[in-house]
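Encoded as structure tokens, the structure appears first; notes follow it.
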4 protein chains.
Amino acid sequence: MTDPDVRASIMRAVYEALCESGYTELTAQDIADRTDKSKSLLFYHYDSKEDILGDFLEFLFERFDERVAETRDRPPVERLAVFVDWFLYGPEENDRQSFHVAMLELRTQAPYNEAFREKLRKSDDQLRAVLEEILRDGLEAGEFNEHDPEETAALLIAAFDGARIRQLTIGRDEYLEEVRRGTATWVFDDLLAEDASFPADRDPSTLPEPDQQHRLAADLGDGGNGDADESTDDDPAERDRE
Amino acid sequence: MTDPDVRASIMRAVYEALCESGYTELTAQDIADRTDKSKSLLFYHYDSKEDILGDFLEFLFERFDERVAETRDRPPVERLAVFVDWFLYGPEENDRQSFHVAMLELRTQAPYNEAFREKLRKSDDQLRAVLEEILRDGLEAGEFNEHDPEETAALLIAAFDGARIRQLTIGRDEYLEEVRRGTATWVFDDLLAEDASFPADRDPSTLPEPDQQHRLAADLGDGGNGDADESTDDDPAERDRE
Amino acid sequence: MTDPDVRASIMRAVYEALCESGYTELTAQDIADRTDKSKSLLFYHYDSKEDILGDFLEFLFERFDERVAETRDRPPVERLAVFVDWFLYGPEENDRQSFHVAMLELRTQAPYNEAFREKLRKSDDQLRAVLEEILRDGLEAGEFNEHDPEETAALLIAAFDGARIRQLTIGRDEYLEEVRRGTATWVFDDLLAEDASFPADRDPSTLPEPDQQHRLAADLGDGGNGDADESTDDDPAERDRE
Amino acid sequence: MTDPDVRASIMRAVYEALCESGYTELTAQDIADRTDKSKSLLFYHYDSKEDILGDFLEFLFERFDERVAETRDRPPVERLAVFVDWFLYGPEENDRQSFHVAMLELRTQAPYNEAFREKLRKSDDQLRAVLEEILRDGLEAGEFNEHDPEETAALLIAAFDGARIRQLTIGRDEYLEEVRRGTATWVFDDLLAEDASFPADRDPSTLPEPDQQHRLAADLGDGGNGDADESTDDDPAERDRE
DNA sequence: GATGAATGAGATTTCATTCAT
DNA sequence: GATGAATGAAATCTCATTCAT
């Protein structure tokens with residue numbers, strides 16, 4: 001796989017296919033169909049379907065790195081607020097529920113798949129490092145009260161991830177809101193130093209604006225309004241495969 | 001499905017098969033093999049494989065109900081401690097990582113499967129109700145300081161579930177410990193009224209005893225020491241399918 | 001595989017498919033097509049294509065046993081003559097060149113295939129035992145001059161097999177004749193005691209009658225005149241796959 | 001194909017690939033991998049994979065010619081002894097069982113492949129001519145008793161080839177020895193004139209020295225000690241593909 | 001000459017599900 | 001109830017061969 005364009009086009013096809021079919025139902029054909037190339041070409045570039053998905057995880061994390069760097073120059077309180085927003089409500093690749101559901105399926109394969117697990121660990125390390133850095137910077141800057149950044153980061157990430165997963169799987173959107181309020185009450189209220197406060201438009205105790213979302217989809221060339229069904233069924237979670 | 005014995009034997013087979021094959025790789029044959037009956041009989045009792053799994057979820061939640069009732073007469077602080085322990089480290093069916101991994105796979109199918117989703121919602125309702133009841137009882141009994149039980153329950157469940165999921169998928173056991181400490185620091189320390197405290201052997205800021213575990217497996221007739229690999233590889237998450 | 005009729009029908013399909021496609025080009029579909037059943041049924045009864053072929057070898061040798069017994073009551077000289085005839089020119093399953101070519105292909109897979117090798121060894125043991133028994137009986141009966149039956153059997157089988165293989169692969173029918181004469185000259189002339197001689201119609205120094213041939217095909221229900229191409233090209237060996 | 005160096009390097013690659021993969025499993029990629037050129041180039045030089053193999057047979061026989069000439073000035077008895085040794089135990093390309101197994105697979109394709117058949121016939125003609133010439137020269141020189149050289153050559157070649165094939169396919173090395181003894185007893189003892197005898201170190205009734213073997217491999221640039229597995233398993237025939 | 005990319009046409013298996021008995 | 005047999009519809013992967021450059 002030398003040509004980055006080819007890789008990008010395959011990665012984009014994987015993304016779209018995951019959105020439409022989910023991980024479990026994903027076939028090599030689904031991916032090829034979203035490419036202007038043949039199915040056999042996939043196996044020319046990759047050893048197996050798993051290998052393709054492994055590279056897709058890699059691809060995702062390469063991009064995550066780029067994003068993180070972008071906000072490093074903002075003050076810690078703001079970065080924390082952005083982090084919460086991003087994790088719980090998007091933006092960026094959080095745009096499509098269907099994609100996140102598929103990623104969740106993929107994560108559950110990690111116990112059976114060394115390659116997946118390794119990439120997910122790298123990703124986990126990254127995520128915790130980002131949050132811990134925010135917390136440490138805030139401590140140093142006097143914006144946050146004394147606390148153990150490692151422990152706090154672990155709690156916040158677990159809570160946000162858990163909330164996201166429960167929302168995605170059983171389709172209860174309230175979860176996000178409740179957990180956001182819960183962290184505001186139990187963590188952020190105590191964390192923020194007297195004179196520090198969340199920026200008004202980022203306060204985790206209020207709902208966020210649906211702002212510059214859809215980054216991954218946009219980068220992948222889609223604009224975030226692809227044909228993934230944003231089902232308007234009575235059951236908001238319904239995403240049944242045809 | 002009239003005969004409860006037949007159902008029980010199928011449910012047991014499903015449990016064992018999930019432990020050994022995971023959900024994604026689970027076949028009707030895998031289930032039948034752990035039964036003294038034939039594969040075709042499964043389809044006599046159930047409409048489809050999904051239907052079997054749906055009933056398995058139902059079966060699980062019936063049993064959950066029974067369990068919950070058992071502790072209802074203990075004081076709230078103790079019940080909270082037991083809840084934390086149970087969620088994060090077992091006991092009961094938490095004993096087998098492999099089973100929980102499979103359940104996680106199954107949960108990720110809920111967005112595609114109305115029946116799964118419905119049962120998981122019922123289960124979620126139950127779980128939250130249990131925790132909220134503990135919190136409310138504690139408030140009334142003056143053991144807990146003033147707080148919003150709904151919000152707190154949502155946060156705790158999200159955090160514990162998120163921690164469990166991260167531990168299971170990427171195999172980082174530290175997660176459980178860190179998150180337990182995180183909740184102790186940020187939530188429990190503030191929650192407990194001046195004169196209340198966790199029972200010594202249940203304090204969420206210390207490691208729990210490996211006590212009466214293995215309840216589901218035991219009930220299912222296995223004793224909890226089936227041949228599910230409790231891999232002692234250098235990579236603790238490794239559970240690769242053969 | 002309990003039902004012997006099903007097995008027999010599959011074995012027959014294998015035989016026909018081998019005759020028409022050869023071993024190398026043989027597909028599971030080729031076999032299924034000669035059955036009134038589906039391709040998947042083959043994999044219900046057998047674990048793999050190789051497994052089917054392995055059982056085919058087994059099937060062949062079961063039948064070989066039955067045949068051998070039939071001639072055991074004839075005098076050694078006659079049995080030897082029959083043996084030579086059978087080996088070099090048929091009868092029985094020797095009827096179809098195409099089948100023998102396919103068997104030859106299959107034999108060359110033995111070095112890569114434990115199961116094949118094992119069956120072929122059994123077959124080899126059988127064949128040698130049969131010939132050695134003839135030779136020993138002849139010695140005892142005074143029909144043959146003193147010699148080492150093991151050594152002689154090895155030589156004869158090697159010579160006949162080699163002749164057959166060369167004839168089949170390069171299509172030189174003279175080979176059979178020459179080698180028959182060669183063995184008559186160098187071996188049989190010296191082997192036969194003064195007063196013993198081959199029966200007139202079986203003398204290995206004259207051509208055999210095309211007699212009761214086609215036994216395998218007949219038993220398999222075909223009559224030996226199936227649609228296997230008995231090509232009448234200018235090149236008698238030509239059997240090019242379509 | 002003009003450049004003889006290119007051809008030689010491809011032929012060498014074919015030889016190595018045959019040793020490692022056998023004929024049935026041989027892919028164009030296997031050949032290209034043992035070249036410093038690309039797979040596509042093979043199809044620039046040859047019309048098809050079969051065409052490459054056809055040329056490989058041609059290549060082999062060109063070299064056979066050269067070899068034969070070398071011994072033409074030795075006395076017939078000695079040449080016969082060398083012939084037997086060479087055929088049954090090496091030397092030259094007989095060194096690698098794996099190569100011979102592959103050649104055997106290739107020979108069994110001759111019935112389906114006009115080009116292969118033609119080359120194998122030429123080879124067969126050559127081989128018989130060589131042996132017949134030895135026998136005729138021996139007759140003329142009075143070293144051999146009266147006999148029909150054509151018939152004798154046919155018998156010997158068939159016996160040796162058959163022995164080799166049985167040894168290779170079912171892995172019974174005794175075959176070679178038994179057949180050698182068989183020919184010594186039944187043929188050579190009678191063939192040699194009173195006053196002629198095999199040279200001491202070449203007597204076909206004793207085991208040969210492992211002498212200047214490995215000619216083909218050497219010529220092909222390998223030295224005969226490539227990494228072809230000279231398996232020392234308990235099962236000497238084992239050569240299972242990975 | 002030389003190659004990387006590309007592909008069509010399979011081949012083997014898998015499996016949920018059905019059906020006759 | 002119970003089962004062995006049966007099957008259709010895929011799915012992954014392979015590979016000889018071609019083609020644009």
Side-chain angles (χ1 to χ4, degrees), chain A residues 1-3 5-7 9-10 21 24-32 35-52, chain B residues 1-3 5-6 21 24-32 35-53, chain C residues 1-3 5-7 9-10 21 24-32 35-52, chain D residues 1-3 5-6 21 24-32 35-53:
Chain A
M1 177 60 60
T2 55
D3 189 339
D5 287 349
V6 174
R7 185 188 184 219
S9 85
I10 294 176
S21 310
T24 306
E25 300 271 274
L26 183 73
T27 72
Q29 191 64 65
D30 288 333
I31 299 173
T35 281
D36 58 345
K37 300 297 166 47
S38 73
K39 185 175 43 168
S40 12
L41 190 64
L42 294 177
F43 295 97
Y44 173 74
H45 287 301
Y46 294 95
D47 285 340
S48 66
K49 198 179 75 165
E50 276 190 10
D51 195 24
I52 300 175
Chain B
M1 175 60 60
T2 54
D3 188 340
D5 286 349
V6 174
S21 310
T24 306
E25 301 269 275
L26 184 72
T27 70
Q29 190 65 64
D30 288 332
I31 299 173
T35 278
D36 57 346
K37 298 295 166 47
S38 74
K39 180 174 52 162
S40 346
L41 195 61
L42 293 177
F43 292 94
Y44 173 80
H45 289 303
Y46 294 94
D47 285 342
S48 67
K49 197 177 76 164
E50 278 190 7
D51 195 24
I52 300 175
L53 273 301
Chain C
M1 176 61 61
T2 55
D3 188 339
D5 287 348
V6 175
R7 185 190 185 218
S9 86
I10 294 176
S21 310
T24 307
E25 300 272 275
L26 184 72
T27 71
Q29 190 65 66
D30 288 333
I31 299 173
T35 280
D36 57 344
K37 299 297 166 48
S38 74
K39 185 174 43 167
S40 13
L41 189 64
L42 295 178
F43 294 95
Y44 173 75
H45 288 300
Y46 295 95
D47 285 340
S48 66
K49 198 179 76 165
E50 276 192 10
D51 194 26
I52 300 176
Chain D
M1 175 59 59
T2 54
D3 188 338
D5 287 350
V6 173
S21 311
T24 306
E25 300 269 278
L26 184 72
T27 71
Q29 191 64 62
D30 289 332
I31 299 173
T35 279
D36 57 346
K37 299 295 165 47
S38 74
K39 181 175 52 164
S40 344
L41 195 61
L42 293 178
F43 292 94
Y44 173 79
H45 288 303
Y46 295 94
D47 285 341
S48 66
K49 197 177 76 163
E50 278 191 6
D51 194 24
I52 300 176
L53 273 301

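In what follows, chains are A, B, ... by sequence order, proteins preceding strands, each numbered from 1.
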To the nearest Å, how far apart are [X] [atom1] and [N] [atom2]?
X	N	atom1	atom2	answer
A/K39	F/dA11	NZ	C1'	7 Å
A/I31	F/dC13	CD1	P	11 Å
A/D47	F/dT14	CG	P	8 Å
A/F43	E/dA6	CZ	P	15 Å
A/I10	E/dA5	CD1	P	11 Å
C/R7	F/dA5	CZ	C1'	18 Å
A/D3	E/dA5	CG	P	7 Å
D/Q29	E/dG4	CD	P	10 Å

Next on the checklist: For the backbone of C/S9 and the side chain of C/K37, can you confirm whether one donor and one acceptor N or O come within less than 3.5 Å of each other?
Outcome noted: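 Checking the backbone N and O of C/S9 against the side chain of C/K37, no donor-acceptor pair under 3.5 Å is found.
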
Next on the checklist: Please classify the nucleic acid contact of B/S40 as base, sugar-phosphate, or nothing, using heavy-atom distances under 4.0 Å.
Outcome noted: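 Base, at least one base heavy atom under 4.0 Å.
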
Next on the checklist: Need one value for D/L26: base, sugar-phosphate or nothing, where a base atom within 4.0 Å counts as base even if backbone is also close, heavy atoms only.
Outcome noted: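 It contacts sugar-phosphate atoms only.
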
Next on the checklist: If the cut-off is 4.0 Å, is A/Y44 near the phosphate of E/dA5, judged by side-chain N/O to OP1 or OP2?
Outcome noted: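 Affirmative; the distance criterion is met.
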
Item to check | Phosphate OP1/OP2 of E/dG4: any A/H45 side-chain N/O under 4.0 Å | outcome: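 For A/H45, the contact criterion (side-chain N or O under 4.0 Å from OP1 or OP2 of E/dG4) is not met.
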
Item to check | Value rounded to 0.5 Å, distance of OG in D/S38 from CZ in D/F43 | outcome: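 These two atoms lie 10.5 Å from each other.
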
Checklist entry - What's the spacing between C/I31 CD1 and C/L42 CG if we round to 0.5 Å? => result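 Separation between the atoms: 6.0 Å.
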
Checklist entry - Under the side chain to side chain contact (heavy atoms under 4.5 Å, CB included) criterion, do B/L41 and B/T35 qualify, and how do the steps go? => result CA-CA 10 Å; B/L41 195 61; B/T35 278; over 6 Å; no

Checklist entry - Expressed as a whole number of Å, how far does the P atom of F/dT21 sit from that of E/dG1? => result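 Result for the P pair: 22 Å, nearest Å.
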
Item to check | Complement of F/dT21, any strand, by Watson-Crick or G-U distances under 3.5 angstrom | outcome: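 The base-pairing partner of F/dT21, which may sit in any strand shown, is E/dA2.
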
Next on the checklist: Using Watson-Crick or G-U wobble geometry with both distances under 3.5 Å, which nucleotide pairs with E/dA16?
Outcome noted: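 For E/dA16, the partner nucleotide comes out as F/dT7, under the 3.5 Å rule.
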
Item to check | Comparing C/S38 and A/K49 on DNA chain F - which has the more 5′ nearest nucleotide | outcome: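 With C/S38 and A/K49 compared, the 5'-side residue is C/S38.
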
Checklist entry - Do C/D30 and C/T27 have side-chain atoms, one donor and one acceptor, less than 3.5 Å apart? => result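 Looking only at side-chain atoms, C/T27 and C/D30 do form a donor-acceptor pair, the distance falling under 3.5 Å.
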
Checklist entry - Taking for each residue the nucleotide of DNA chain E with the nearest heavy atom, is it D/K37 or B/A28 whose nucleotide lies nearer the 5' end? => result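 Final value for this comparison: D/K37.
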
Checklist entry - If you find the nucleotide of DNA chain E closest to C/T27 and the one closest to A/L42, which residue's nucleotide is nearer the 5' end? => result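 On the 5' side of the pair lies A/L42.
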
